[in-house]
Amino acid sequence: MTSELDIFVGNTTLIDEDGLWVGGTVSDAVALRVRSGILEQTGATAAVLQSDTMDHYRTFHMLERLLHAPPKLLHQLIFQIPPSRQALLIERYYAFDEAFVREVLGKKLSKGTKKDLDDISPKTGITLKSCRRQFDNFKRVFKVVEEMRGSLVDNIQQHFLLSDRLARDYAAIVFFANNRFETGKKKLQYLSFGDFAFCAELMIQNWTLGAVGEAPTDPDSQMDDMDMDLDKEFLQDLKELKVLVADKDLLDLHKSLVCTALRGKLGVFSEMEANFKNLSRGLVNVAAKLTHNKDVRDLFVDLVEKFVEPCRSDHWPLNDVRLFLNQYSASVHSLDGFRHQALWDRYMGTLRGCLLRLYHD
Amino acid sequence: MPGKLKVKIVAGRHLPVMDRASDLTDAFVEVKFGNTTFKTDVYLKSLNPQWNSEWFKFEVDDEDLQDEPLQITVLDHDTYSANDAIGKVYIDIDPLLYSEAATVISGWFPIYDTIHGIRGEINVVVKVDLFNDLNRFRQSSCGVKFFCTTSIPKCYRAVIIHGFVEELVVNEDPEYQWIDRIRTPRASNEARQRLISLMSGELQRKIGLKVLEMRGNAVVGYLQCFDLEGESGLVVRAIGTACTLDKLSSPAAFLPACNSPSKDMKESPLVHPPSHGCRSTHNSPIHTATGSRLTQNFSVSVPTLIYTGMGSGSAGKEGGPFKALLRQQTQSALEQREFPFFTLTAFPPGFLVHVGGVVSARSVKLLDRIHNPDEPETRDAWWAEIRQEIKSHAKALGCHAVVGYSESTSICEEVCILSASGTAAVLNPRFLQDGTVEGCLEQRLEENLPIGCGFCHIPYDELNMPFPAHLTYCYNCRKQKVPDVLFTTIDLPTDAAVIGKGCLIQARLCRLKKKAQAEANATAISNLLPFMEYEVHTQLMNKLKLKGMNALFGLRIQITVGENMLMGLASATGVYLAALPTPGGIQIAGKTPNDGSYEQHISHMQKKINDTIAKNKELYEINPPEISEEIIGSPIPEPRQRSRLLRSQSESSDEVTELDLSHGKKDAFVLEIDDTDAMEDVHSLLTDVPPPSGFYSCNTEIMPGINNWTSEIQMFTSVRVIRLSSLNLTNQALNKNFNDLCENLLKSLYFKLRSMIPCCLCHVNFTVSLPEDELIQVTVTAVAITFDKNQALQTTKTHVEKSLQRASTDNEELLQFPLELCSDSLPSHPFPPAKATSVDYSSFADRCSSWIELIKLKAQTIRRGSIKTTVTVEKASPMGEGNFRNRSAPPCANSTVGVVKMTPLSFIPGAKITKYLGIINMFFIRETTSLREEGGVSGFLHAFIAEVFAMVRAHVAALGGNAVVSYIMKQCVFMENPNKNQAQCLINVSGDAVVFVRESDLEVVPTQQPTANCQPLCTEGEVTT
């Protein structure tokens, strides 16, 4: 006796809460469910579980097309799904694994990268099917919002009906993919997706065209997306900050201001004093280099190399880093010879937030 | 030109890409009705076209309005080649043809293609202007309302229930026409869909005409079926019950069918005319309560008296002959009907007087080509023959009517089994006659039938029983005789006194048969049928005993014929009726008592069975009050099996073999284990696993013992097909496979719906088909309804207490009364048996009046004995309360805009149906030539069923409704050819589109238990028991 056909169709479509259908094969999912102890809980047989899992996979297979454009899910007539379940379905489908996103963050969402999925899957222990889904989701969201104007998070939320949290994450992913920030280097491995997403949010808020709060007026800049591309003019201007390290007097003055303010407050004062010029040079040079795309991509590598690592090797506590960075940015306002205060604040305000987030083991 | 149909095409959305180059579509729409076609403009390059067309107007006969569907075709314009069809929408405009239903059809309809499925949606508005001219000779029957619901629809009142209407139309099946060889599958499918749509329109119109002839205005319990006879043609047939319905004007005035009888008793004068004698003698108010008690006897033993309520004007003993006259009239009123059948399964209070038992008839026919579609005489004759048989069976049971009547067919190649079944019953003719006093409903309790047990009392002659039976005095009223087991096809009457909960009981059976041709095949099948019926019946009886119950409701026995086997599947809901005696256990006996180990084995089995019975009694809360034999006044009968089934098979020839399903003299509760077969039987009895805790199941409308539904419902269809390993199949292996298939299917359902616990699967409907040699297909449609566990417990408790109380009071009062009554054998002739049509009515009446004297005497004795006269009233009121609670169960607030509920039940828990919008009757064909690509057979059928649901919902929503009640999937014919990567499926569904309002949204009487047990969707998974 073999089962040829076995289906269950409800007037209200049943959606499995665990969302196991999003990744892996049916047998993977069945094995997972068996391990969860569901058979003992319900007294069901393995055959029942198999049949139920198959139903969920089939339902999912039919729904997947609609999930590619979630607003369609709301207007379609074929599946009657309560709103709360629709939200769950979308959220599950667009959920991603930390391990996976770290692998592709900042990479071009192209066919080439898709080929790498074959390697990423065994490396991360995530099924290839799931990797593909996550990658396709990133790419799809990217394609849809790429050409759009307005807030990146809002656009994503509107077109994919994601929760605020998830929409922000996607905004970060899209932002990173667009700017191709390098995140895969070995020395960046200690950073989590959350760290990058935090930085992305700060950068979107402060360093993009949208951040200025006005639509660009000249025709050629209309090609730029307000939230996705960094403000080119701003990056160009950052060169002006170089004077802070190039002008020896200015550098000395800056150092003495910081040292005076922090004397006695910093556990690592001597180390700071000794390293001040190196650190300042590092931070200012990162800014000055951002005109080149190549250097933009290496932003995080540079930040870690030029700031995080030296501090870490001297065992700065996080609080000392915070005190130093605050004082370091604020002291510039007292440098009479320095004219780019607004620029400095726009740069350093964001960078300070990023560095504090990046500074951990 | 009595009608103008107006159609407007508004817009489309989600259309498929038809032009690969542009990834867009140039869509336009053809609107066709009859032979007239209109077209919209082409809306260029869009997947969401906005046509906003003018009103297309069709001026048509109302006859056409009824027959023809509105056909909307969406096409892709192509300058150089033929336009490509995207898909179609068929809209049945019948709901617009009667005033109380929908006034406009407007909404988004899925665009359906038989090859590609749903491809986008189209927004359409349809209106009809009808010009009334009632005087002309009518061919149309516009205005007759149709309901699938097998009870009086909730917002209507039955003025008269006229009776059975039937009709069938035949045609050639387009699939088998010569032209099918050269046309595309799509064209062929569409021709079929259109033809069936036309035929059902025509059928409905013809039935409507019959209803008008009977002076009715509605058909209730309308059941339409298709017989795909293959080469020999296509038959569309329908049965229903013609009624005159009155719309209840204000929804507040609506009283449920299960209204508390106590109320009516208070309102109406209590000395009712069931006995003129009584009335003339006892007018004192104190008599009122006993009056109702007395009538219990009257109504049962002397049905004549039931009818005398009509002649309220006549007084005293002169009433005698007059009564007889009336009786004669009512009898003839029923008899002049060709078939006194009713497709209803639930009835207005007071309608059902007695139930005799299940009557069924089957007949095996050989199909031949229908030569003249306009004269479908053969098919008509076949059904007439079967109905005649049913009628005579009912008569043999002393009943003049058949309720819960249904018909079905099973076709394999050229052999066709026609089946009909129903429940023989005695009805109150008040509802059946023309010119009845207005408002029978108000008077419905005039007869004062014994509450909760009257229908159990035997309608047939005790001394001349149609089959060997064992009778006892009713355990409820102690006055009338009841059988020890009762089988029926109807729903449990709402006022029936039940102990504990009910459960789904199934008998499953397979029999191999040799492949054969034509007559030989038909003969083989007819030879097998009696054995199958017998075994199905035995299985049902044993399983019922095993559950510790004594009655079956909603019994449906389906016999399916295949190439090399016959399948029998019987489903019913078992209950413990308080009026019927406690069922005895099951005893096992071995044939070879000398063998020691064998004995041991037997005793082991016996113990297992006893344990199961005890466990089931606990599970279903069956704890009837203990009554010692002396109190009852008659010995508790030795448990003995007795058949309530009376049926026969007949072949094309007229030979009729009556099958006595009782075991004759043998004590049938003893299972003799004399061979492995019997062993298997016992084993199979014990393999049925009870549902997991928190789950109940039944195949009736309501679950006895649960009456506090919460509002979450989930209707579903589940289909399974198994392939049998073809090698040396035996009956046993086959039985086991089939049993496992059904049991596993049920297990799967319980697992899938576990988040709804505590819940009950209601109206569980199994359908078996044998699509190919080694394939068995089982289709299940049911609805899961959540209920409030705490309230359920309370109610059962009060119920049991109630019956306990009743039992004790009854015992005090009526020690000898019933005995004496029935020692008089004359009046216990309940109803003239079938053959005794020439009863001398005057003498009969004389006998009655003399008997009335006796009753009077008794009544006085009772009064002197100072009885608690309020007993009946007391008993009735908690019941009313229970029902009230049921109706106003706290609903969940999870209703969202656009949700359309579907349910096979006639009601929606926690809600009130405010409007019936019309019948939904849809037929779809889906075919694929890329089966693998669509996910195999499962993927294909899963998608198709989901699409069917979607189309039903869309039509309901367009009518302005938010639910389908009495939904049924009448057919799901699935054929596959995996080698060719092809599959085809035909589905036919129907139901009633309604508007419902949540009770919480209405101003209802404050609920007594406001403890809402809402289960928000998100937390479902956590509910475990």
Side-chain angles (χ1 to χ4, degrees), chain A residues 1-18 26 33 36 38-66 69 71-88 91, chain B residues 13-14 108-110 118 121 692 713-725 736-737 740-741 744-745 747-755 775 777 783 894 896 899-903 935-939 941-943 945-947 949-951 953-954 974 976 1016-1018 1020-1021 1024:
Chain A
M1 181 178 96
T2 49
S3 204
E4 282 273 303
L5 186 159
D6 177 8
I7 56 157
F8 174 98
V9 191
N11 183 37
T12 305
T13 306
L14 292 179
I15 306 292
D16 175 40
E17 264 172 272
D18 302 330
V26 177
R33 295 179 87 181
S36 77
I38 197 164
L39 292 184
E40 289 77 17
Q41 275 168 40
T42 56
T45 62
V48 165
L49 194 65
Q50 170 81 23
S51 139
D52 181 63
T53 312
M54 287 291 284
D55 269 322
H56 283 300
Y57 267 76
R58 260 196 312 275
T59 309
F60 168 66
H61 183 74
M62 286 184 267
L63 284 168
E64 192 170 15
R65 191 177 46 87
L66 298 163
K72 268 192 189 165
L73 188 68
L74 265 65
H75 295 120
Q76 54 85 30
L77 302 176
I78 300 180
F79 302 96
Q80 188 159 272
I81 306 171
S84 64
R85 288 282 144 146
Q86 283 178 351
L88 180 92
E91 205 74 2
Chain B
R13 67 181 183 196
H14 305 147
W108 289 99
F109 292 88
I118 290 178
E121 290 124 37
I713 66 170
Q714 165 74 298
M715 187 281 299
F716 58 85
T717 293
S718 187
V719 185
R720 278 201 186 179
V721 177
I722 56 160
R723 184 175 290 280
L724 301 160
S725 45
K736 187 172 181 311
N737 278 331
D740 288 351
L741 171 61
N744 289 340
L745 187 48
K747 275 185 211 159
S748 261
L749 299 182
Y750 297 137
F751 181 76
K752 284 193 174 294
L753 300 163
R754 65 191 184 283
S755 64
L775 294 185
Q777 179 191 331
V783 63
N894 58 1
T896 28
V899 170
V900 175
K901 300 223 174 202
M902 291 168 77
T903 172
V937 284
S938 294
L941 194 60
H942 192 146
I945 292 177
E947 286 176 340
F949 286 1
M951 288 185 276
R953 287 194 302 259
F974 179 73
E976 57 169 322
L1017 285 158
C1018 328
E1020 275 170 10
T1024 40

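Naming convention: chains lettered A, B, ... in sequence-line order (proteins, then strands); numbering from 1 in each chain.
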If you count heavy-atom pairs under 4.5 Å with chain A, which of Met715(B), His14(B), His942(B) comes out on top? His942(B)

Between Ala950(B) and Ile78(A) the two heavy atoms that sit nearest each other are CB-CA, 3.6 Å

Looking only at Arg13(B), Gln777(B), Lys752(B), most heavy-atom pairs under 4.5 Å shared with chain A are made by Lys752(B)

Counting C-beta onward and ignoring hydrogens, is there a side-chain heavy-atom pair between Arg58(A) and Ser938(B) closer than 4.5 Å? yes

Please report the interatomic distance CG(Leu77(A)) to CD(Glu947(B)), rounded to the nearest 0.5 Å. 11.5 Å

Applying side-chain hydrogen bond (donor to acceptor under 3.5 Å, both in side chains) between Asn11(A) and each of Lys901(B), Arg953(B), Gln714(B), report the one that passes. Arg953(B)

Please name the residue in the list Leu5(A), Asp6(A), Val9(A) that meets the side-chain contact (heavy atoms from CB on, under 4.5 Å) test with Val719(B). Leu5(A)

If I take atom OG1 from residue Thr717(B) and atom CD1 from residue Ile7(A), how far apart are they, to the nearest 0.5 angstrom? 8.0 Å

Contact class of Ile118(B) relative to chain A, heavy atoms under 4.5 angstrom: side chain

Would you call Arg754(B) and Gln41(A) a side-chain contact if the rule is heavy atoms closer than 4.5 Å? no

Identify which part of Leu745(B) has an atom lying under 4.5 Å from any heavy atom of chain A, answering side chain, backbone, both or neither. neither

Would you say that more than 12 heavy atoms from the other residues, nucleotides or ligands in this model lie under 6.0 Å from the CE of Met54(A), or not? no

Part of Val900(B) within contact of chain A (heavy atom distance under 4.5 Å): both

Reported CD-to-CD distance for the pair Glu4(A) and Glu976(B), which is rounded to 0.5 angstrom: 5.0 Å

Using a 4.5 Å cut-off on heavy atoms from C-beta on, say whether the side chain of Leu749(B) contacts that of Phe8(A). yes

Out of Trp108(B), Phe751(B), Phe949(B), Phe974(B), which one racks up the most heavy-atom pairs below 4.5 Å with chain A? Phe751(B)

Is His75(A) in contact with chain B via its backbone, its side chain, both, or neither, using a 4.5 Å heavy-atom distance? both

